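Everything below concerns the one structure shown next.
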Amino acid sequence: MDAGGGYWRAVRTPDGPGTVRLRRSSDVVEAAAWGPGAGWLLDTVPEMLGAADDPSGFEPRHDVLRDAVRRWPGLRICRTNRVFEALVPAVLEQKVLSTEAWRAWRYLLRRFGEPAPMPRGGVTDRGRALDLRVPPPPEVWARIPSWEWHRSGIEAVRARTIIGAARVASRLEPLPGNPGGGTDGGTDGGTSDNAAESRLRSLPGIGVWTAAETRQRAVGDPDAVSVGDYHLPGLVGWALTGSRTDDDGMLELLEPYRGHRHRVTRLLGLSGARPPRRGPRLPVRDYRSF
């Protein structure tokens with residue numbers, strides 16, 4: 001975000017690298033884009049901001065949700081339409097603290113990404129150059145050597161998962177199926193058993209949590225539940241019942257909202273209703289020293 005209130009995003013589009021700047025001016029969102037992917041980015045701005053989201057059928061049944069809807073009436077589930085770009089960070093976040101995943105993403109992006117297209121003369125924010133990087137293409141991810149993964153702090157399991165996905169990335173774009181179609185009871189702990197999830201979970205190392213996180217970001221699936229998340233069951237249980245719960249309990253509580261379960265978890269996250277922290281925080285691990 002720059003000093004003028006603009007939000008910048010660097011994307012590897014189907015047409016090549018591109019950069020988009022979004023800025024709200026009164027009731028209008030102004031968009032500008034640069035690079036070979038500029039046209040694609042401008043065409044997808046409405047969906048990037050949630051225009052394709054359909055909240056119809058969502059009926060809050062709990063007071064905390066009714067209050068959240070009143071406080072954030074414009075909440076929409078957005079979609080980037082870039083599946084592999086959403087999949088890589090989700091894999092980096094598997095079973096680690098966010099700090100560890102961000103550290104690895106920053107290293108890999110700086111090491112193997114490329115400078116994002118910018119306006120002539122560049123952009124400065126508070127006197128510093130705005131330095132954006134475009135994520136590398138799948139063929140580059142597939143060729144990252146083992147020692148670079150190690151330097152980023154990523155162990156071999158997650159590295160193999162990303163490399164394997166990179167080799168079949170062309171088959172992931174776009175994901176099939178209705179993004180919001182989680183109405184048929186799945187067999188994966190309550191997640192929607194649709195073509196999008198099946199395609200993602202056919203890849204080695206991609207489980208229910210990673211598939212859900214990718215669908216939420218890339219195709220704006222309002223029903224994709226992040227089963228297996230460290231914090232989510234406790235948040236949902238505490239907000240809806242006043243006590244912690246596990247994945248099975250979370251899915252039972254969310255069942256009346258099937259079709260909008262991710263929407264519910266987003267609203268609960270915004271509500272601020274969280275269980276009290278007890279005990280020490282988990283330590284940040286550093287695989288680079290192993």
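Just so it is clear, the structure is predicted and the values come from calculations on it, not from any experiment.
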Minimal non-hydrogen separation, Pro136 against Phe112, with atom names: CB-O, 3.4 Å

Between Thr161 and Gln94: side-chain donor-acceptor atoms closer than 3.5 Å: no

Surrounding CZ of Arg24 (heavy atoms of other residues, nucleotides or ligands, distance under 6.0 Å), is the total greater than 12? no

Trp141 and Trp105 aromatic ring geometry - parallel, tilted or perpendicular at 30°/60° bounds: parallel

Between Leu75 and Leu235, is there a shared hydrophobic cluster once you connect ILVMFWY residues whose side-chain heavy atoms come closer than 4.5 Å? yes

Closest contact, heavy atoms only, Gly35 versus Pro117: CA-CB, 3.6 Å

Where do Ala52 and Glu47 come nearest, in terms of heavy atoms and distance? CB-CG, 3.9 Å

Looking at CG of Asp53 and CD1 of Ile77, how far apart are the two atoms once the value is rounded to the nearest 0.5 Å? 5.5 Å

Nearest 0.5 Å please: distance from the CD atom of Glu255 over to the CE atom of Met250. 12.0 Å

How close do Leu65 and Pro60 get, heavy atom to heavy atom, and via which atoms? CB-CB, 3.9 Å

Are any of the side-chain heavy atoms of Leu268 and Val264 separated by less than 4.5 Å? yes

Same apolar cluster (I L V M F W Y, side chains within < 4.5 Å links), Ile162/Leu200: yes

Verify same cluster id: Trp149, Tyr107 (apolar side-chain graph, 4.5 Å): yes

Can Arg76 and Leu49 be said to form a side-chain contact (heavy atoms from CB on, under 4.5 Å), step by step? CA-CA 7 Å; Arg76 294 291 182 271; Leu49 297 178; over 6 Å; no

Output all residues satisfying salt bridge (Lys or Arg N to Asp or Glu O under 4.0 Å) with Arg61, sequence neighbours left out; order by chain, then residue number. none

Answer yes or no: is there an ion pair linking Arg158 with Glu100, defined by an N-O contact shorter than 4.0 Å? no

Quick one: CG on Leu108 to CZ on Arg110, what's the gap to the nearest 0.5 Å? 12.0 Å

Just by distance, no angles: are the side chains of Asp15 and Thr13 close enough, under 3.5 Å, to form a donor-acceptor pair? no

Interatomic distance, CG@Asp54 vs NE2@His260, rounded to 0.5 Å, equals 7.0 Å

Within 45° cone and under 6.0 Å: Arg111 NZ/CZ vs Trp147 ring: no

Should Val20 and Trp34 be counted in the same cluster of Ile, Leu, Val, Met, Phe, Trp and Tyr side chains packed under 4.5 Å apart? no

What's the shortest heavy-atom distance between Ala239 and Ala273, and which atoms? CB-CB, 3.9 Å

Glu139/Arg143 ion pair, N-O < 4.0 Å: no

Linked, directly or transitively: Val236 and Val208 (ILVMFWY side chains, under 4.5 Å): yes

Determine the minimum heavy-atom distance between Gly259 and Asp223, stating which atoms define it. N-OD1, 2.6 Å

Would you mind reporting whether Arg82 and Arg12 have side-chain heavy atoms less than 4.5 Å apart? no

Supply the atom-to-atom distance Ser226 OG to Asp247 CG, rounded to the nearest 0.5 angstrom. 10.0 Å

Count the heavy atoms of every other residue, nucleotide or ligand shown that sit under 6.0 Å from CD of Glu30, and state whether that count exceeds 12. yes

Let me see the working for Leu254 and Val225 under side-chain contact (heavy atoms from CB on, under 4.5 Å), right down to the final yes or no. CA-CA 9 Å; Leu254 294 177; Val225 187; 4.1 Å; yes

So that I can tick it off, tell me whether Glu85 and Arg9 are bridged by a salt bridge, with the cut-off set at under 4.0 angstrom between side-chain N and carboxylate O. yes

Just wondering, are more than 12 heavy atoms of other shown residues or ligands nearer than 6.0 Å to CH2 in Trp102? no

Mind checking ring pair (Phe, Tyr, Trp, His ring centres under 6.0 Å) for His262 and listing every partner two or more places apart, or none if nothing turns up? none

Under the rule for salt bridge (Lys or Arg N to Asp or Glu O under 4.0 Å), what residues qualify as partners of Arg151, not counting sequence neighbours? Glu148

Distance in Å, Met118 CE paired with Thr19 OG1, rounded so as to fall on 0.5 Å steps: 6.0 Å

